[in-house]
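In what follows, a single structure is set out as structure tokens and then discussed.
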2 protein chains.
Amino acid sequence: MSNSSSAIIILRMEISHDLVRSPAMQRGNYNKRCAIISAATAVFVRDGYVGASIDAIAEEANVSRQTIYNQIGDKERLFVEVVRGINEQGSARLVETLATFPDAPQDIGRELVEFAIRLTRNCLCDEGSRALRKLIENEGSRYPELFETWKDYGPGKNWPAISARFARLAHDGDIELDDPDLAARQFMALIRADLPNEPGATVSDAELEQAARNGVRTFLRAYGKRDAALAL
Amino acid sequence: MSNSSSAIIILRMEISHDLVRSPAMQRGNYNKRCAIISAATAVFVRDGYVGASIDAIAEEANVSRQTIYNQIGDKERLFVEVVRGINEQGSARLVETLATFPDAPQDIGRELVEFAIRLTRNCLCDEGSRALRKLIENEGSRYPELFETWKDYGPGKNWPAISARFARLAHDGDIELDDPDLAARQFMALIRADLPNEPGATVSDAELEQAARNGVRTFLRAYGKRDAALAL
DNA sequence: GACGAATTGGACAAGAGTGTCCAAAACTCA
DNA sequence: TGAGTTTTGGACACTCTTGTCCAATTCGTC
């Protein structure tokens with residue numbers, strides 16, 4: 001990845017390569033490959049790019065170091081593979097969660113709170129997202145390509161989908177807003193505002209529900225019709 | 001810092017030590033020491049703890065490597081010193097900015113927007129805060145003491161001061177809220193929601209003002225009296 | 001069981017970083 | 001100028017990491 005433009009090409013090639021099922025995945029070494037990438041994810045997340053050693057990854061994967069070089073290649077290639085994996089998982093989870101957005105709410109307050117809880121649990125609090133964010137933030141300056149890929153394949157891709165949901169709510173008269181994109185950003189910010197932002201902190205269900213309720217209440221005070229926020 | 005409890009003791013000793021002016025600062029090597037810590041800050045922020053090399057720091061400080069070992073000690077000691085420095089600066093800036101909170105506003109909307117702009121510029125957008133956050137996030141798992149110190153000396157210390165300002169606004173009848181702490185957290189989240197959250201992004205004055213206006217407008221829609229948000 | 005492919009573990013060279021030691025040079029202050 | 005301190009740069013031992021090579025072993029499949 002010493003060359004800035006070559007790495008992103010490699011990354012994209014890998015993605016399409018994967019869609020047609022790489023030969024490596026059809027044969028028996030698929031499990032080993034999986035174990036390696038999974039272990040690499042854990043170690044990269046824990047120690048960062050520089051701090052992660054191939055030996056540590058090999059040990060975590062219960063695999064010889066040579067196998068890593070056989071299966072994937074060098075450290076950069078491994079890193080790219082890890083980022084791609086986290087990206088795909090996170091993106092899938094976001095799409096999945098977004099499908100449960102309350103499109104035609106009976107009780108908009110309650111349903112938005114429940115959606116916020118799901119969103120936080122699946123996409124914001126989850127380890128993968130935090131980890132990717134951290135990796136991108138750390139190595140992004142050294143490998144700007146990762147940053148680009150993050151914007152293309154990461155959570156950013158799905159933001160328009162979120163704001164579209166709010167636009168629909170507004171169109172149906174459930175809320176009142178002029179800028180759905182802004183509303184979506186503020187919704188995310190508000191339900192995140194009340195969560196502990198320390199890296200390793202675990203959030204109990206009760207805390208999570210309280211945070212979601214607080215965020216949605218303020219959101220509906222600002223954008224809801226009539227007394228939508230009062231019941232919360 | 002191999003021992004968990006010893007490091008924080010060292011850190012705290014250094015702080016009190018500094019208040020009575022360490023002998024090192026009284027003599028001529030004060031400038032060198034400053035240059036070293038300043039350079040170390042830059043390099044640690046750029047490359048992280050593991051990625052930063054003493055040689056790179058020495059070069060950045062225009063100082064021989066041996067001088068670093070003479071003046072400060074080993075790498076861990078240097079790191080602690082850097083975190084302390086960023087902490088103190090950030091804390092001071094926050095207190096300073098907080099002093100300009102509109103206590104008796106004529107035009108609450110405009111004055112809150114202006115305060116939000118100052119807060120963002122001085123404390124949220126600023127390089128030191130982002131850098132410290134990043135360092136803490138990265139090395140926090142390896143050095144839990146840093147995390148503790150961050151909570152004690154970092155921005156968290158001043159949150160009660162922020163919510164006290166909002167409580168006063170509410171008491172004076174300028175806004176309506178029941179939980180000042182919650183309101184303060186949401187205020188911060190809202191004015192942050194509209195900023196680009198990429199690490200190295202620069203924010204223009206226009207973007208900053210727009211973001212502040214958007215955040216304050218929603219805040220006042222939720223918590224303001226009468227039509228306080230309309231003018232924005 | 002036998003063949004081919006994958007895996008293992010150990011050895012290896014090359015490079016980089018840490019921390020120490022030391023003698024020469026530069027600086028400070030009287 | 002001179003004594004005492006600081007700084008410098010180079011040499012050094014030590015450790016860790018990366019990536020390659022290779023022979024022995026294991027595994028999958030026929």
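Note on naming: letters A, B, ... go to the chains in the order of the sequence lines (proteins, then strands), and numbering restarts at 1 for each one.
One can place NZ of Lys75(A) at 5 Å from P of dT18(D), the figure rounded to the nearest angstrom. Spacing between atom CZ of Arg77(A) and atom P of dG19(D) amounts to 13 Å, rounded to whole angstrom units. Distance, Ile54(A) CD1 to dT18(D) P: 5 Å, rounded to whole Å. Atom CD of Glu59(A) is separated from atom C1' of dC16(D) by 15 Å (rounded to the nearest Å). Across the protein-nucleic acid pair, Tyr69(B) atom OH and dT7(D) atom P stand 16 Å apart, rounded to whole Å. Between the OH atom of Tyr49(B) and the P atom of dG17(C) there is a distance of 14 Å, rounded to whole Å. The nearest whole Å value for the distance from the CG atom in Asp55(A) to the P atom in dG19(D) is 11 Å. Rounded to an integer number of Å, the gap from CG of Asn31(B) to P of dT5(D) is 21 Å.
Comparing dT8(C), dT18(C), dT7(D) by their nearest atom to the side chain of Ser53(B) picks out dT18(C). Side-chain atoms of Gln66(A) lie closest to dG10(C) of the nucleotides dT17(D), dG10(C), dT20(C).
Salt-bridge annotation for Arg213(A) and Asp194(A): absent, with no side-chain N of the basic residue lying under 4.0 Å from a carboxylate O of the acidic one. Of the charged side-chain nitrogens involved, none lies within less than 4.0 Å of a carboxylate oxygen, so that Glu96(A) and Arg93(A) do not count as a salt-bridged pair.
Inter-residue side-chain proximity for Ile191(B) and Val113(B) is flagged as unmet; no heavy-atom pair is nearer than 4.5 Å. Annotation: side chain of Leu98(B) is in contact with side chain of Phe115(B) (closest heavy-atom distance under 4.5 Å).
Between dT7(D) and Thr67(B), no contact under 4.0 Å exists linking OP1 or OP2 to a side-chain N or O. Residue Lys32(A) has a polar side-chain atom (N or O) positioned under 4.0 Å from OP1 or OP2 of dT8(C).
Across all strands shown, Ala52(B) has heavy atoms under 4.0 Å from sugar-phosphate atoms exclusively, and none from any base. Within 4.0 Å of Asn70(B), counting heavy atoms only, lies at least one base atom of the nucleic acid.
The base of dG19(C) is paired with the side chain of Arg65(B) by a donor and an acceptor separated by under 3.5 Å.
At least one donor-acceptor pair under 3.5 Å links the side chain of Ser163(A) to the backbone N or O of Pro160(A).
The aromatic rings of Tyr49(B) and Phe44(B) lie parallel to each other, their planes meeting at an angle below 30°, with 60° marking the opposite boundary.
Within 6.0 Å of CD in Glu207(A) there are more than 12 heavy atoms belonging to other residues, nucleotides or ligands.
With axes fitted over five pairs at each extremity, the angle between the ends of the helix from dG1(C)-dC30(D) to dA30(C)-dT1(D) is 40° (10° resolution).
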